[in-house]
Amino acid sequence: MPNLHPTLESPAPNPGSAPPEELQGDAGKALAVEMLDRMLRIRLFEEATIKLFQAAELPTMAHLSIGQEAAISGACLATTISDTMTGNHRSHGHPIAKGARLDRLMAELFGKATGVCGGKGGSMHLADFSVGSLGESGIVGSAIPVATGAALSEQVRGTDRVSLCFFGDGAANEGVLHESMNIAGAWHLPVIYFCENNGYAVSVRMEDSTAVPDIAIRAAGYGMPGIVVDGQDVVACYRATKEAVDRARRGEGPSLVEAKTYRFHEHAYGLKLPEPYLEDSVVEGWRADQDPIALFEARLESWGTIAADERADIRKAAQEDVDAAVEFARESPYPDPAEAYTDIYADTPGTETEEDR
Ligand SMILES: Cc1ncc(C[n+]2csc(CCOP(=O)(O)OP(=O)(O)O)c2C)c(N)n1
Ligand SMILES: [Mg+2]
C-alpha cells in the first residue's frame, strides 16, 4: 500500500523543544487546552457512538471522524463563535469543535425531541445556530453553496465575520464546489474552503478519481490562495486556517486549505462493502503513527505546555460530559408525531393560507 498522501512531507515526530508561537504564554496555553479538549470531545463522543450503535440504540448511520480530529478542531478554533460553519455527512465533530453542547448533539443522534434539530435530522444533519453551525447534509457537496451564500450575506451586511466550509476530497470533484469557489473568488467573499482529504470517497482512492495530486492546486483557477497542510497536526491546521480567516476579515477574499488526513474507520460504521479495499493492517499502521491526539499529547509533553495530570483531567472532564450527554439523550422523549411537519418548511412570504392567518 503506497503512502496515502505522497505529496506531503512527513513532519518530524517532535518539532523542537520550544512550543510554537501560537501556544506560548497564558493565551497560548489556553489555546492548547482548547485544542486538546475539542479533539478529545470528538474522539470520546464518537467512541460512545460506536458502543451505542453496537447496542442498536441509535436509529441512524454513523460516519465517524475518528482520525480527523486535528483538522476539524484546528480549523474551528481559528474562527469565533460568531463566524458560521457548514459541514457534510461526516460531521459530528464539526459542531463539537465549534463549541456546541454535547447533550443536544447526542439527543439528535437518538432522534429525540431535545436534539439540536428536534430529532428530525439525525447524525448527518446537525445544526446549532448558537455556535454558528449552520448545518450539514447527507447530500455530498450540498452545504458548499450554503457556506458561500453565508459569506455573501456577511459581505452584503458589512460584518467582518467569515464562513468556514468543510468538505471532503470526494466532494472536491463535484461541480458545485467549482461554481462556488469561482463566484467566491470573483466577489472576494469571506469564505474558507477547508478540504479534509482522507484519501477516499467511500472506497475510491483519490488518485483514481482526481486529476491533480493536491486539491489545493485548484485554488489557482479561482483566484485564491491554496495551501496543503498536515491534517494530523492541530497547530498546523489552526495556523493555516487562521491566516485564511485573517485574510477574509481584511476583505481580501476566500482561501482553500487542504488538510491531508486519515479516517480510522469504515466509510460508515458497520458498513461492509462486498469488495474489501483497505487492509486492517494499513489502518492499524495509521492508528499507530498518525493519531492526532497522541501526536499532540507527545508534543505537549516535550514542550512542557500541559502536564500529564492536567491532560488526564481534561480527558476525564470530556468523558464525563459525553457520559452525561448519553444519559440525557436516553432519557429524552421522542418528538410528538403531531409535530412531524413543524420546522420542516420555511415560512415563505405570500404562501400563508387562510388557516395560518
Ligand atoms: C450527491 C451525492 N453523491 C453521492 C453520495 C454517496 N456518498 C456519500 S458519502 C460519499 C463520499 C464522499 O467522500 P468525501 O467527500 O471524500 O468525504 P468522506 O466520506 O471521505 O469524509 C458518497 C459518494 C451522496 N450522499 N450524495
Ligand atoms: Mg474523503
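Counting begins at 1 with the first residue of the sequence. All values derive from a computational prediction rather than experimental measurement. Counting starts at 1 for both ligands and their atoms, following the listed order.
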If the cut-off is 4.0 Å to any non-hydrogen atom of [X], which atoms of ligand 1 fall inside it?
X: N198; answer: 18 (P), 20 (O), 21 (O)
X: D169; answer: 15 (O), 16 (O)
X: H267; answer: 9 (S), 10 (C), 19 (O)
X: R90; answer: 18 (P), 19 (O), 21 (O)

Check each heavy atom of [X] against ligand 1 and say whether those closer than 4.0 Å belong to the side chain, the backbone, both or neither.
X: H63; answer: neither
X: Y200; answer: backbone
X: R263; answer: neither

Considering only non-hydrogen protein atoms, determine which one is nearest to [atom] and report residue, atom name and distance to 0.1 Å.
atom: atom 14 (P) of ligand 1; value: G170 N, 3.4 Å
atom: atom 25 (N) of ligand 1; value: G138 O, 2.8 Å
atom: atom 6 (C) of ligand 1; value: V140 CG2, 4.5 Å
atom: atom 12 (C) of ligand 1; value: H89 CE1, 3.8 Å

> Looking at OH of Y222 and CG of L256, how far apart are the two atoms once the value is rounded to the nearest 0.5 Å?
Replying inline: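 Rounded to the nearest 0.5 Å, the OH-CG separation comes to 10.5 Å.
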> Only one of R161, K98, R249 forms a side-chain hydrogen bond (donor to acceptor under 3.5 Å, both in side chains) with D83, so which one is it?
Replying inline: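 Of all the options given, the one that passes is R249.
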> What protein atoms of element N, O or S are positioned under 2.8 Å from the Mg ion (ligand 2)?
Replying inline: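 Less than 2.8 Å away from the Mg ion (ligand 2) sit D169 OD1, N198 OD1, Y200 O.
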> If you measure from atom 22 (C) of ligand 1 to every heavy atom of N197, V204, V202, which option wins on shortest distance?
Replying inline: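 Heavy atom nearest to atom 22 (C) of ligand 1 belongs to V202.
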>> Out of E174, M124, M61, who is nearest to atom 3 (N) of ligand 1 when you count heavy atoms only?
In response: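 The option holding the nearest heavy atom is E174.
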>> Students often mix this up, so state it plainly: with edges at 30° and 60°, are the rings of H89 and H63 parallel, tilted or perpendicular?
In response: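 Judged by the thresholds at 30° and 60°, the geometry between H89 and H63 is perpendicular.
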> Where does the angle between the aromatic ring planes of Y277 and Y200 fall among parallel (under 30°), tilted (30 to 60°) and perpendicular (over 60°)?
Replying inline: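 Tilted, since the angle between the ring planes falls between 30° and 60°.
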Note: [X]-[Y] ion pair, threshold 4.0 Å (strictly below):
X: R330; Y: E57; result: yes
X: R311; Y: E301; result: yes
X: D214; Y: K260; result: yes
X: R299; Y: D233; result: yes
X: D246; Y: R250; result: no
X: R43; Y: E46; result: no
X: R239; Y: E243; result: no

> Taking distance alone, with no angle check, do A171 and ligand 1 share an N/O pair under 3.5 Å?
Replying inline: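 Yes: some nitrogen or oxygen of A171 is under 3.5 Å from one in ligand 1.
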>> With respect to Q68, determine whether any N or O atom, backbone or side chain, lies less than 3.5 Å from an N or O atom of ligand 1.
In response: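 Between Q68 and ligand 1 (N or O atoms, distance only) the closest approach is not under 3.5 Å.
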>> If you count every heavy atom of other residues, nucleotides or ligands that lies below 6.0 Å from D336 atom CG, does the total exceed 12?
In response: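 For D336, atom CG is crowded (more than 12 foreign heavy atoms under 6.0 Å).
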> For D343, does the CG atom sit with more than 12 other heavy atoms under 6.0 Å from it, leaving out its own atoms?
Replying inline: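 Count not over threshold, so no.
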